[in-house]
Protein chains: 2
Amino acid sequence: MISERQLRILEAIISDFIDTAQPVGSRTISKKYPLGVSSATIRNEMADLEELGYLEQPHTSSGRVPSDLGYRLYVDSMVNFHSIGIDEKEIIQSMLRNRIIEASDLAKQAAKLLSEFTNLVAIVTIPKFNKCKLANLKLIKVSDTRVLLIMVTDTGIVKNIQLAMSYTDQFILDKVSDTMLSFLSGETIEKIDVRSILKLKDKLQNLGTFVDYLIPILRDALKSLNGTEQYAEGLSHILSIQEFADSEKAKVIFDFLRDPKNLEIFLDEISSDQLSIKIGSEIGIDSLDACSIISSTYKVDGKSDGKIIVLGPKRMDYGNVVSIVNYISNTLSDVFSGINL
Amino acid sequence: MISERQLRILEAIISDFIDTAQPVGSRTISKKYPLGVSSATIRNEMADLEELGYLEQPHTSSGRVPSDLGYRLYVDSMVNFHSIGIDEKEIIQSMLRNRIIEASDLAKQAAKLLSEFTNLVAIVTIPKFNKCKLANLKLIKVSDTRVLLIMVTDTGIVKNIQLAMSYTDQFILDKVSDTMLSFLSGETIEKIDVRSILKLKDKLQNLGTFVDYLIPILRDALKSLNGTEQYAEGLSHILSIQEFADSEKAKVIFDFLRDPKNLEIFLDEISSDQLSIKIGSEIGIDSLDACSIISSTYKVDGKSDGKIIVLGPKRMDYGNVVSIVNYISNTLSDVFSGINL
DNA sequence: TGTTAGCACTCATATCAATCGAGTGCTAAT
DNA sequence: ATTAGCACTCGATTGATATGAGTGCTAACA
């Protein structure tokens with residue numbers, strides 16, 4: 001078992017390391033932190049902490065560096081998750097409530113705020129469109145060769161897809177979209193497949209040819225709705241972080257984040273009901289071994305959630321980041337739920 | 001005046017430097033390139049080329065490095081702008097003609113191809129929406145609180161903007177949008193201002209209250225259409241380039257590119273009718289002094305153009321990049337012009 | 001028994017001189 | 001005009017040496 005004193009020493013070491021990025025030695029701790037014991041004692045405790053797996057030594061005769069386990073303990077039992085200041089709150093509120101009504105803009109704005117307040121990389125997803133229920137659907141002719149398919153979810157998110165069609169009569173389009181809506185309304189969008197679209201044929205037998213023409217186009221359009229839309233901001237902050245001063249190391253992170261699919265797997269795994277902190281190897285992704293990820297979810301009307309994540313070096317100010325993630329996550333829930341008032 | 005031999009020596013130096021990123025010396029040239037003269041002769045010529053401003057010497061007793069002027073001469077009179085291979089052409093054709101009908105997707109795809117083929121950063125803009133002429137306009141109710149404003153340009157680009165409105169009757173919306181279209185059709189979108197919208201009031205006097213309500217909302221929506229939409233791809237390639245191995249240097253580029261406004265100024269300046277190569281200081285932007293930019297434009301139906309740019313280190317394969325930019329630019333013109341057939 | 005002073009030891013980092021070698025400019029011979 | 005030759009420059013490499021921050025261990029102490 002770990003003693004109270006060891007805990008305080010570990011805390012001092014991690015704080016110091018977060019500040020300085022340098023392996024920390026026993027003398028530094030005894031001088032900078034009022035623990036009331038000599039460096040020799042700390043030295044002994046540090047040896048024990050290393051044996052317990054909370055610290056690591058880059059090489060003999062260098063100071064100690066926290067291990068993933070050390071950070072874990074630090075986060076679980078030492079970090080002070082204070083609430084953010086009133087000023088920050090006001091800025092966030094005004095930026096997110098400032099007449100934004102597109103889900104994507106809102107996510108982008110939230111990611112921007114997150115990355116500015118944390119100086120780290122922030123990613124915000126919007127609720128998986130696929131999982132939402134269809135509330136409205138319209139086909140609008142925009143030109144002789146194009147039709148706009150508009151879908152609105154019950155959570156108020158609007159999605160437009162352009163369809164290339166050479167057969168576009170608004171009267172027919174209205175008829176088709178009304179009919180589709182009548183039997184698809186309330187369905188989650190992922191459930192809308194060829195089979196359900198085929199009902200169109202039954203209901204609109206007089207438009208058989210048109211429906212035959214439309215179905216493959218619709219199918220392709222719906223297929224394109226897979227995947228989570230991610231909005232990442234602050235990527236360049238990576239480049240200011242000591243751990244990634246070498247471009248090659250930064251590139252690993254960039255390359256990972258470039259393909260949204262990479263993160264999607266991770267996003268699907270994180271629990272959807274509370275804030276999560278993953279440290280280094282806990283993330284389970286080799287290229288992110290040097291990072292920590294703090295993630296949270298927000299809900300729209302209590303359902304169907306979007307995700308917020310902040311990615312940075314393990315050596316980050318967990319207390320601060322957590323409180324910002326929390327606040328923005330809550331604000332986003334509110335704003336999203338309010339959008340379709 | 002510069003002699004033929006000096007030209008050939010300069011060419012050899014620049015080729016070698018592009019390959020190796022190392023200052024090149026006279027012996028290297030005399031051994032690697034069959035110029036038929038000794039290193040001493042080359043040495044003399046190099047001294048002259050330096051005096052003429054085409055070469056620079058990082059320090060006495062190091063090899064020479066091309067100056068911006070040197071690159072300029074190289075590009076103007078030595079680079080072989082061959083056409084790209086048939087295989088590349090096929091890939092580009094198939095990727096860009098593969099049933100993409102959204103301008104933004106097309107631009108994104110083109111940027112991706114560019115960056116993959118050049119291993120550099122690529123940015124593609126879509127024709128400035130503002131400068132296009134309005135061809136169609138519709139207001140669609142999507143929920144009790146939201147209306148979708150759809151605008152189609154004569155170049156076939158579709159733009160949707162959501163409007164927050166608490167007064168949404170589709171019958172009225174149809175009336176309003178029909179009326180608006182009747183006197184705005186053919187106008188460039190940037191010309192649509194409050195004054196022109198006010199005509200609505202004259203024409204729809206029975207809907208005065210609604211029009212009063214709508215006007216400020218429309219004005220805000222139209223204001224949001226300023227600016228060029230840019231799609232950048234391959235940013236992470238920066239991190240593989242020797243010149244930017246130091247994260248701090250890469251960050252300068254990233255920070256510059258992060259804000260589309262920065263590039264917009266530059267984009268507005270480049271001539272709109274042919275391929276342009278800007279080298280280092282020619283770009284006129286301090287943070288890009290170590291870079292070269294190759295840019296081109298594509299036309300949609302001979303009008304209203306979008307831009308293509310590739311950004312990399314001065315030490316790039318100009319011949320190759322130029323031919324790729326050219327080919328993609330032409331293809332994009334074709335595809336864009338064909339979209340609204 | 002826990003704490004601490006003291007000390008030998010380790011090892012990355014800094015320092016400095018010596019050397020190397022790629023490159024130059026200049027001169028004199030071809 | 002070209003080139004061989006040579007002295008010279010100067011960054012990079014090497015290696016020996018010192019520095020110092022850090023450790024672990026032991027023995028003395030409270």
Side-chain angles (χ1 to χ4, degrees), chain A residues 1-10 12-17 19-67 70 242-243 245-246, chain B residues 1-10 12-17 19-67 70 242-243 245-246:
Chain A
M1 208 19 223
I2 194 169
S3 75
E4 179 59 29
R5 191 172 68 184
Q6 284 176 321
L7 221 56
R8 284 209 308 279
I9 290 174
L10 184 61
I13 293 171
I14 298 184
S15 304
D16 207 74
F17 184 70
D19 274 7
T20 66
Q22 298 301 320
V24 348
S26 54
R27 233 177 91 78
T28 315
I29 296 298
S30 79
K31 272 201 301 185
K32 272 171 75 170
Y33 300 82
L35 293 170
V37 288
S38 79
S39 67
T41 309
I42 290 169
R43 214 140 54 225
N44 290 329
E45 297 286 33
M46 279 164 92
D48 291 351
L49 285 167
E50 184 173 356
E51 207 173 341
L52 290 166
Y54 297 115
L55 293 177
E56 279 163 8
Q57 219 174 357
H59 53 266
T60 352
S61 90
S62 87
R64 263 43 174 231
V65 157
S67 68
Q242 274 199 40
E243 275 83 342
D246 176 12
Chain B
M1 207 19 221
I2 194 169
S3 74
E4 180 58 30
R5 190 172 67 185
Q6 284 177 320
L7 219 55
R8 283 209 307 279
I9 291 174
L10 184 61
I13 294 171
I14 298 185
S15 303
D16 206 76
F17 184 71
D19 274 7
T20 66
Q22 298 301 320
V24 350
S26 53
R27 233 177 90 77
T28 315
I29 296 299
S30 78
K31 272 202 299 183
K32 273 172 69 173
Y33 299 81
L35 293 169
V37 288
S38 78
S39 67
T41 310
I42 290 170
R43 216 142 51 226
N44 291 329
E45 297 286 33
M46 280 165 92
D48 291 350
L49 285 167
E50 183 172 358
E51 207 174 340
L52 289 166
Y54 298 115
L55 294 177
E56 278 163 10
Q57 218 173 359
H59 54 265
T60 352
S61 89
S62 86
R64 259 60 170 217
V65 158
S67 68
Q242 273 198 41
E243 276 84 340
D246 177 12

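An OP1 or OP2 oxygen of C:dT24 is reached within less than 4.0 angstrom by a side-chain nitrogen or oxygen of B:R64. In this model, the phosphate group of D:dT23 is not approached by any side-chain N or O of A:S62 to a distance below 4.0 Å at OP1 or OP2. The side chain of B:T41 contributes an N or O atom lying less than 4.0 Å from OP1 or OP2 of D:dT3.
In this structure, the CD1 atom of A:I9 is 15 Å from the P atom of C:dG2, given to the nearest Å. In this entry the distance linking CZ of B:R27 with P of C:dG25 reads 16 Å, nearest Å. Following rounding to the nearest Å, B:E50 (CD) and C:dG25 (C1') show an atom-to-atom distance of 12 Å. Distance CD1 (A:I42) to P (D:dG24): 13 Å, rounded to an integer number of Å. Taking atom CD of residue A:Q57 and atom P of nucleotide C:dA12, one finds them 11 Å apart after rounding to whole Å. Taking atom CD1 of residue B:I29 and atom C1' of nucleotide C:dT24, one finds them 15 Å apart after rounding to whole Å. Between the P atom of D:dT2 and the CZ atom of B:R5 lies a distance of 4 Å, rounded to the nearest Å. Atoms CG (A:L55) and P (D:dG22) sit 14 Å apart, rounded to a whole Å.
Closest of all the heavy-atom pairs between A:G63 and A:P58 is O-CD, 3.4 Å.
Here the side chains of A:R5 and A:T41 are in contact, with some heavy-atom distance below 4.5 Å. Counting heavy atoms from C-beta on, the side chains of A:E45 and A:I42 never come closer than 4.5 Å. The side-chain heavy atoms of A:Y54 and A:I2, taken from C-beta on, include a pair separated by under 4.5 Å. You'll find the side chain of B:L55 reaches within 4.5 Å of the side chain of B:M46, heavy atoms only.
Taking only distance into account, the side chain of B:S61 never meets the base of C:dT24 through a donor-acceptor pair shorter than 3.5 Å. The base of C:dT10 has none of its N or O atoms less than 3.5 Å from a complementary donor or acceptor on the side chain of A:T60. A donor-acceptor contact under 3.5 Å is formed by the side chain of A:R43 with the base of C:dG6.
Distance from the side chain of A:A40 is smallest to C:dT4 among D:dA4, C:dT4, C:dT24. Checking D:dT3, D:dG22, D:dC6 against every side-chain atom of B:N44, the shortest atom distance belongs to D:dT3.
Residue contacts for A:S39: at a heavy-atom cut-off of 4.0 Å it reaches no nucleic acid atom on any strand shown.
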